[in-house]
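This one's a predicted model, so the numbers in the text were calculated from it and none came from an experiment. Each residue takes its place number in the sequence, starting with 1.
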Amino acid sequence: MKAALSRLSSIWSRLWAWDPHPASHAEKLISTAGGFVGILLVLMVSGKMLDFHGAALVVASMGASAVLLFAVPHSPLSQPWSLLGGHLISAAIGITCAHAIADPFYAGALAVALSIGAMHYLGCLHPPGGATALVAVLGDEPVRSLGYAFMVTPVLANVLIMLSVAVIANYPFRWRRYPRLLSAPEPLPGEIEPAQAEKCMIAHSDLVYALSEIDSFIDVSEEDLLQIYHLAIRRLPAPAKAN
């Protein structure tokens, strides 16, 4: 019994200590503050358009977007087109399914499925979009009565609020500017020891090929992978010179 408890304690300690994405306390606090401001403004706007229940349903998907925009601002899932296209396209699909299919179970399931496919093909994969599609189908009367106007108010209004707060909240911090276009330039190969670069650099075409071989969505951009690779190479000891 004592050995079993000791083993469980050891497993729990390893799980508790494991962090696949370590971040500083400052990084975590910035994410927390940005999420607070973004959702507070969204609640204020949605509350003026819908009753509290309807606003809560709509804002639920924005809560998920807040995690992406403020905790992982460099993720491909967090970029402006993913945020905008993901929510608006999913809202349009949800409204269409709600009008075309009487059974809300089938309408909701089809709305989410079609939203996933549409976001994939249009390059705007944003997980909270699935929640927006569901709200369009399963929302109460104030939501359903909006019809396709639901895409504008409150969805588009909320998205623009979240996008504005994300740009402003992340801008002062050079390492996490949002969107990626405002980020600091990627390390140049010339910043790496020439001998290391010659030996270790991965061609862009090889990286694209490797990503295509995985045949699944990877939540990291090619630029991020190259930057990680450059930073790792810098830590390698310089090759010993031949006598």
Side-chain angles (χ1 to χ4, degrees), residues 15-91 94 112 115 119 124-136 138-140 142-143 146 149-184 219-221 224:
L15 290 173
W16 181 258
W18 182 72
D19 185 356
H21 303 292
S24 66
H25 292 301
E27 181 78 0
K28 294 170 183 176
L29 289 173
I30 292 167
S31 301
T32 302
F36 172 79
V37 174
I39 293 302
L40 178 62
L41 293 176
V42 162
L43 279 169
M44 289 178 174
V45 171
S46 295
K48 294 181 181 299
M49 302 175 185
L50 303 166
D51 60 18
F52 181 79
H53 179 66
L57 285 174
V58 172
V59 172
S61 63
M62 293 298 154
S65 291
V67 176
L68 288 171
L69 267 63
F70 300 107
V72 281
H74 297 147
S75 167
L77 301 175
S78 307
Q79 299 311 299
W81 170 235
S82 295
L83 173 70
L84 185 65
H87 279 296
L88 292 182
I89 291 165
S90 298
V112 173
S115 295
M119 287 188 287
C124 56
L125 199 61
H126 189 68
T132 297
L134 269 182
V135 170
L138 303 178
D140 55 12
V143 173
L146 291 173
F150 173 74
M151 295 174 59
V152 180
T153 54
V155 175
L156 179 59
N158 289 340
V159 165
L160 293 178
I161 289 171
M162 295 293 291
L163 182 59
S164 300
V165 174
V167 172
I168 295 169
N170 289 315
Y171 186 80
F173 310 101
R174 183 175 180 273
W175 69 92
R176 59 175 289 151
R177 287 185 181 166
Y178 176 89
R180 283 192 57 85
L181 292 174
L182 299 179
S183 298
D219 189 16
V220 64
S221 68
D224 283 334

Peer 1: What's the spacing between Ile30 CD1 and His25 NE2 if we round to 0.5 Å?
Peer 2: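 Spacing of CD1 (Ile30) from NE2 (His25) equals 13.0 Å.
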Peer 1: By ring pair (Phe, Tyr, Trp, His ring centres under 6.0 Å), which residues pair with Phe173, not counting sequence neighbours?
Peer 2: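 So Phe173 forms a ring pair (Phe, Tyr, Trp, His ring centres under 6.0 Å) with Trp175.
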Peer 1: Can you name the nearest heavy-atom pair linking Ser31 to Ala71, along with the distance?
Peer 2: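 Scanning both residues, the minimum pair turns out to be OG-CA, 3.5 Å.
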Peer 1: Give a yes or no answer on whether the side chain of Arg176 reaches the backbone of Phe70 with a donor-acceptor pair at less than 3.5 Å.
Peer 2: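 Yes.
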Peer 1: Quick check against the 3.5 Å criterion: does Gln79 have a side-chain atom that pairs as donor or acceptor with the backbone of Pro73?
Peer 2: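 At least one qualifying donor-acceptor pair exists.
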Peer 1: Yes or no on side-chain contact (heavy atoms from CB on, under 4.5 Å) for Leu83 and Leu163, after CA distance, side-chain angles and deciding distance?
Peer 2: CA-CA 8 Å; Leu83 173 70; Leu163 182 59; 4.0 Å; yes
Peer 1: With heavy-atom distances below 4.5 Å as the criterion, would you say the side chains of Pro127 and Leu77 are in contact?
Peer 2: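 Yes; the side chains approach each other to less than 4.5 Å.
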Peer 1: Is the shortest heavy-atom distance from the side chain of Leu156 to the side chain of Leu88 under 4.5 Å?
Peer 2: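 In contact.
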Peer 1: Closer than 3.5 angstrom, by distance alone: can the side chain of Tyr178 be matched with the main-chain N or O of Ser78 as a donor-acceptor pair?
Peer 2: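 Yes; at least one donor-acceptor contact below 3.5 Å.
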Peer 1: Could you check if a side-chain atom of Leu41 sits within less than 4.5 angstrom of a side-chain atom of Met162, using non-hydrogen atoms only?
Peer 2: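 SC-SC contact between Leu41 and Met162 ruled out.
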Peer 1: Would Leu134 and Val112 count as a side-chain contact (heavy atoms from CB on, under 4.5 Å) here? Give the steps.
Peer 2: CA-CA 7 Å; Leu134 269 182; Val112 173; 3.5 Å; yes
Peer 1: What's the spacing between Met119 CE and Ser82 OG if we round to 0.5 Å?
Peer 2: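 Here the interatomic distance stands at 9.5 Å.
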Peer 1: Can you list everything that forms a side chain to side chain donor-acceptor pair (under 3.5 Å) with His126? Sequence neighbours excluded, please.
Peer 2: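 Side chain to side chain donor-acceptor pair (under 3.5 Å) list for His126, sorted by chain: Ser65.
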Peer 1: Sequence neighbours left out, what passes side chain to side chain contact (heavy atoms under 4.5 Å, CB included) with Ala91? Give chain and number order.
Peer 2: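 Listed in chain order: Thr132, Phe150, Met151, Val155.
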Peer 1: Mark yes or no for whether Ser90, through its side chain, and Gly86, through its backbone, hold a donor-acceptor pair below 3.5 Å.
Peer 2: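 Yes, because the side chain of Ser90 sits within donor-acceptor range (under 3.5 Å) of the backbone of Gly86.
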Peer 1: Between Ser61 and Pro128, which heavy-atom pair has the shortest distance, and what is it?
Peer 2: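 Where Ser61 meets Pro128 most closely, the heavy atoms are O-CB, 3.3 Å.
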Peer 1: What is the distance from atom NE2 of His87 to atom SG of Cys124, rounded to the nearest 0.5 Å?
Peer 2: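 Between His87 NE2 and Cys124 SG, I get 10.5 Å after rounding to 0.5 Å.
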Peer 1: Looking at side-chain heavy atoms only, is the closest gap between Leu146 and Pro154 below 4.5 Å?
Peer 2: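 Yes, close enough: below the 4.5 Å cut-off.
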Peer 1: Before giving the answer on side-chain contact (heavy atoms from CB on, under 4.5 Å), spell out for Ser46 and Asn158 the whole-Å C-alpha distance, their side-chain angles and the decisive distance to 0.1 Å.
Peer 2: CA-CA 8 Å; Ser46 295; Asn158 289 340; 3.0 Å; yes
Peer 1: Working note: Val159 + Met62, criterion side-chain contact (heavy atoms from CB on, under 4.5 Å); need CA distance, chi angles, decisive distance, verdict.
Peer 2: CA-CA 8 Å; Val159 165; Met62 293 298 154; 3.7 Å; yes
